[in-house]
Amino acid sequence: VISPFRANFGFAYTLGNLALISADYEYTDYSQMRFQENRYDRDLIEQLNGEIKSMYGASHMLRAGLEVKPIRQFAVRAGYNLTTAPQKEDMYGNALPVTCRHNASVGLGYDSNGSFFADLACRYRFTTKEKFMPYADYILDDDDNIVTPAPEIMNEHSLWKVYLTLGWRF
C-alpha cells in the first residue's frame with residue numbers, strides 16, 4: 001500500500017520564561033493512497049484504487065496551544081485541535097458534507113523544586129452532526145433494486161475527559 005501524501009507546517013514562539021505559543025497545520029491527501037500488489041487480479045486492484053481516488057480527498061488538521069507560567073512552579077495551558085474527515089463520497093457516489101472533529105483542552109501544571117510534578121487537564125471533544133448508514137442496503141429484489149434501504153443514523157458525538165498525572169523524578 002502506498003501511503004497518502006502528507007505535509008506538516010508549524011511554528012512556536014516563546015515569550016521569555018513567561019509563555020509559549022504554538023500552532024501546527026497538517027495536510028493529508030488520502031486520494032493518493034494506492035494498493036500495489038502483483039499477486040491479485042490487476043483489474044480488481046485498479047478498481048479499488050479508482051474507488052479510493054473518488055471517495056477520499058484531503059484532510060486538514062489544525063492544532064494550537066498556549067502555555068503561560070505566571071511563576072516558575074505553575075503553568076496554565078490551553079489548546080485546540082480541528083480535524084476534517086477525508087471521505088468525500090459514500091459508496092453510492094453521493095457527495096458527503098465535510099465533517100469535523102474538535103478538541104478543546106485546558107490544564108494546570110505544577111513542578112516542585114524537588115522531584116514531584118503534577119498535571120491536571122480537561123478535554124472536551126465534539127464532532128459535527130453526520131448521517132451514516134451502519135450497513136449497506138439489505139433487502140433487494142431479484143434485479144438488485146433496493147426494496148428496503150438501510151436506516152440512516154444521525155450521529156453527534158461529544159465527550160469530556162479529565163486527566164491527572166502525578167510523578168516523581170529520580
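There is a path of hydrophobic side-chain contacts, each under 4.5 Å, that joins Leu164 to Tyr110. Hydrophobic cluster membership differs between Tyr56 and Tyr27, with clusters built from Ile, Leu, Val, Met, Phe, Trp and Tyr side chains linked at under 4.5 angstrom. Note: the hydrophobic cluster containing Ile52 also contains Met55 (ILVMFWY, side chain heavy atoms under 4.5 Å, direct or indirect links). Residue Phe74 is not grouped with residue Val76 when hydrophobic side chains (ILVMFWY) are merged at heavy-atom distances under 4.5 angstrom, including chains of intermediate members. Leu48 is connected to Met33 through a chain of hydrophobic side-chain contacts under 4.5 Å among Ile, Leu, Val, Met, Phe, Trp and Tyr, so both are in one cluster.
Closest approach of Lys129 and Thr99 over heavy atoms only: O-CG2, 4.3 Å. Residues Pro70 and Leu18 share a closest heavy-atom pair of CA-CD1, 4.4 Å. Across Val162 and Cys122, no two heavy atoms sit closer than the pair CG2-SG, 4.2 Å. Shortest non-hydrogen contact noted between Pro4 and Asp29 is CB-O, 3.2 Å.
For Tyr13, the OH atom counts as loosely surrounded, since its 6.0 Å shell holds 12 or fewer non-hydrogen atoms of other residues, nucleotides or ligands. Within a 6.0 Å radius of CZ in Phe126, more than 12 heavy atoms belonging to other residues, nucleotides or ligands are found.
The salt bridge (Lys or Arg N to Asp or Glu O under 4.0 Å) search around Arg101 returns none, not counting sequence neighbours. Partners of Tyr80 by side chain to side chain donor-acceptor pair (under 3.5 Å), not counting sequence neighbours, listed by chain and number: His102.
A donor-acceptor contact shorter than 3.5 Å links the side chain of Thr127 to the backbone of His157. Panel note: side chain Asp141, backbone Asp143; a donor-acceptor pair is recorded below 3.5 Å.
None of Asn113, Asn17, Asp111 except one satisfies the side-chain hydrogen bond (donor to acceptor under 3.5 Å, both in side chains) rule with Arg72; the exception is Asn113.
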Walk me through it: do Ser22 and Asp24 pass the test side chain to side chain donor-acceptor pair (under 3.5 Å)?
CA-CA 7 Å; Ser22 66; Asp24 292 295; 5.3 Å; no
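Residues Cys100 and Leu82 meet the side-chain proximity criterion, which asks for heavy atoms closer than 4.5 Å. Considering only heavy atoms from C-beta on, Ser59 comes within 4.5 Å of Tyr30 through its side chain.
Atom CD of Gln32 sits about 6.0 Å away from atom CZ of Arg34, to the nearest 0.5 Å. Within the model, atoms CD of Glu156 and OG1 of Thr128 stand 8.5 Å from one another, a figure rounded to the nearest 0.5 Å. Atom CZ of Arg42 and atom CD1 of Ile45 lie 9.5 Å apart (nearest 0.5 Å). Expressed to the nearest 0.5 Å, how far NZ of Lys88 lies from OG of Ser54 amounts to 7.0 Å. With values rounded to the nearest 0.5 angstrom, Leu20 atom CG is found 8.0 Å from Leu66 atom CG. Taking CZ of Arg77 as the start and NZ of Lys69 as the end, the distance is 8.0 Å to the nearest 0.5 Å.
Between Phe116 and Trp168, the ring planes are tilted. Angles from 30° to 60° get that label.
Side-chain atoms of Asn103 and Ser105 form no donor-acceptor pair, as typed in the model, at a separation below 3.5 Å.
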